[in-house]
2 protein chains.
Amino acid sequence: MKEDQANPAQYLISTVSKRSGVKADLIRAWERRYEAVSPSRTEGRQRIYTDQDIARLRLLNQATNNGHSISQIARLSLNELHSLITKDMHTSNQTQPHIRPIRGDKHELLDDYLEKCFSAIIAFEATVLERHCENAIAELGPMSFIEQLLTPLLTKMDESLQAGLLRPAHEHMATSIIRSLAYILRTNRPCSRQAPRMIMSTPTGQLHETGALLAMIIAEFKGWHVTYLGANLPAEEIAAAVKYTHARAVAINISFRNDDSVIIKEIRRLNTLIGKDVTLIAGGRAAVDYQTILDEIGAFRVNNYDHFKLVLDGLRAQTSFQDYA
Amino acid sequence: MKEDQANPAQYLISTVSKRSGVKADLIRAWERRYEAVSPSRTEGRQRIYTDQDIARLRLLNQATNNGHSISQIARLSLNELHSLITKDMHTSNQTQPHIRPIRGDKHELLDDYLEKCFSAIIAFEATVLERHCENAIAELGPMSFIEQLLTPLLTKMDESLQAGLLRPAHEHMATSIIRSLAYILRTNRPCSRQAPRMIMSTPTGQLHETGALLAMIIAEFKGWHVTYLGANLPAEEIAAAVKYTHARAVAINISFRNDDSVIIKEIRRLNTLIGKDVTLIAGGRAAVDYQTILDEIGAFRVNNYDHFKLVLDGLRAQTSFQDYA
DNA sequence: TGTTCTGTGTCAAATTTTTGTAAAGGTATT
DNA sequence: AATACCTTTACAAAAATTTGACACAGAACA
């Protein structure tokens, strides 16, 4: 356990430049003028950067492109940079999901992050896990992070839990961290008034909400106005939320096969309560176990996030004309 | 205690102009003539604005468009501007009542925010609730937000829930929003390696985690390195987390009086598992119901956040020499 | 009615500051 | 030796600053 076990400083400036998108000259200028990063040095005075430095530079790059002055933001923390950029998206009505020119070996990069995150979980290092996730979000972008890093990570966690390699405490810790990242991941865009609305929740007895949370983020990316209700909610409450918000769709996440009779009853009840005009979508690892009931009532069941996106697009297209101002 | 605002983001005039919709020239004129804003300066005299300044200018812009004279409203507080504009919306042709610039009346400000947040909850407007909370955090700072706005709000929500004024769906929605704010509220300071560590969770059967979440944030403010585990965790798991992290204290939150035998058993088990060297702290609305067992095993019970802070300080002082870098 | 005063928004010129880029000459690494 | 880095210095474009002036609408005044 030395100074920074999980973070062996390792990258040279050319690598950092490629991965962050900031030219090497400029990286040095930013360091010299504003101490934007503080890399350590080799014996021969060459700069050595960490993952965090890369994430920083990437965010700084994005923020300056958004019109911020480098001198003013150079010393902000990763966290602060995140919220800064989130706010930018929030205000400047149409900042596109930023370019992610991850050139080179993306696969290796993902594996690297996956390994690092998993190690942090095993070591019960919440702070390290959080930092790695923040870095990954900055480098990969929210979507890739969710689909290509987080999903495999959650799967791996689940397997390890089954295998007894991890304890529930590990999983709780990791889940809390991941959940807290939702704020960064969400593109708090103003969400035009005509955006179709959706309720996202988890039926009674389903306590795990990670899946629902990520699905919410994805739906928001797809332009939906999602009202997120958390986990473990009875059908009447979900239906009430639909009425209040005039939602056009309800998505529920089923991660575990607890007590079939309860879930099936809840689904059936929810279906009758929301009426025919509201689309019901069910996803999650255990949703497949309820295929029959879902078919019977004419609800969608989605297998994965791509499938979910397709269904969402279909719903948007199918209904009244939307303005894509 | 420095003023450690969660919002050190700073903007130059061009950004401010774009975001607020007020031309840069005019912003300067308003400052020169009416001190509408008071930006700080860089070394080279460039103006530096905060988020609040932007909000201010946006409101001033809107108010002037509504016919108000800039010289009359330039010095109103954020909050007063808010109510001015909402009043404009409601009473389209009313003689504007005397809006006294009663700044400094924090009580009124808090009541106003409380009212707005609660209305947003009743109306099931998640987005509005979130925006009000974000504004309040910017204006009040994280600590005041938690202790003076959020705590009363949660109490009020609870009463309304009991009275049938709100449905559980309302509460779930609001809780999700509040939880997502944790990321902003947390002082993600590096947390020096010598910071005392603490495990925060909620025992089996206790599904509400808002209290634990806020307690975590407060403990972090107090310089603790908190590992947050979420809700509904068996004693063995909490104890395992203590072992992994070498935590010096465990805090559990008990919000509801569910099944006494379970909770008492869990507390007792937790106490034996963590050993004598680890301090157990219990808080939450229903913690008082378990006073006897807590006394018996020599655990702390805290009544409120101030009490919690006192206990935390006591623990820090009592143990080995800490660095207050 | 006509004149003046005041409050407001806008513009322009001259000057500074900020910031990305680059060249030159030396050092490390492979 | 070839390539990649480092430091220092310089430079030019973009953005901000200050100062002062101007236009115009309403209010005040004669």
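In what follows, chains are A, B, ... by sequence order, proteins preceding strands, each numbered from 1.
If you check every strand for non-hydrogen atoms under 4.0 Å, B/Thr64 touches nothing.
For A/Ala174, the side chain to side chain contact (heavy atoms under 4.5 Å, CB included) criterion is met by A/Ile121, A/Leu129, A/Met157, not counting sequence neighbours. In this structure A/Gln148 satisfies the side chain to side chain contact (heavy atoms under 4.5 Å, CB included) test together with A/Lys106, A/Leu110, A/Ser144, sequence neighbours excluded. Remark: A/Ser69 engages A/Ser71, A/Gln72, B/Leu12 in a side chain to side chain contact (heavy atoms under 4.5 Å, CB included) (not counting sequence neighbours). The salt bridge (charged side-chain N to carboxylate O under 4.0 Å, His left out) search around A/Lys309 returns A/Glu147, not counting sequence neighbours. For B/Ser40, the side chain to side chain contact (heavy atoms under 4.5 Å, CB included) partners at least two apart in sequence or on another chain are B/Ile48. Among residues two or more places apart in sequence or in another chain, the ring pair (Phe, Tyr, Trp, His ring centres under 6.0 Å) test is passed with B/His132 by none.
Nearest-nucleotide mapping onto DNA chain C: of B/Thr42 and B/Lys23, the residue sitting toward the 5' end is B/Lys23.
A/Ile70 has its CD1 atom 18 Å from the C1' atom of D/dA13, to the nearest Å.
No side-chain heavy atom of B/Leu185 sits less than 4.5 Å from a side-chain heavy atom of B/Leu213.
Along DNA chain C, the stretch of nucleotides lying under 4.0 Å from any heavy atom of chain A spans, 5' to 3', C/dT19 to C/dT29.
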Under 3.5 Å, which donor-acceptor pairs do the side chains of residues 27-36 of chain A form with other protein atoms, sequence neighbours left out?
residue : atom : partner : partner atom : Å
A/Arg28 : NH2  : A/Asp25 : OD1          : 3.3
A/Glu31 : OE1  : A/Arg47 : NE           : 2.6
A/Glu35 : OE2  : A/Arg75 : NH2          : 3.1

Between the protein and nucleotides 14-22 of chain D, are there any N/O to N/O pairs under 3.5 Å, and if so, what are the atom names and distances?
residue : atom : partner : partner atom : Å
D/dA16  : OP1  : B/Ser14 : N            : 3.3
D/dA16  : OP1  : B/Ser14 : OG           : 2.4
D/dT17  : OP1  : B/Arg47 : N            : 2.7
D/dT17  : OP1  : B/Arg47 : NH1          : 3.3
D/dT17  : OP2  : B/Arg28 : NH1          : 2.2
D/dT18  : OP1  : B/Arg41 : NH1          : 3.1
D/dT18  : OP1  : B/Arg41 : NH2          : 3.3
D/dT18  : OP2  : B/Arg47 : NH1          : 2.9
D/dT18  : OP2  : B/Arg47 : NH2          : 2.9

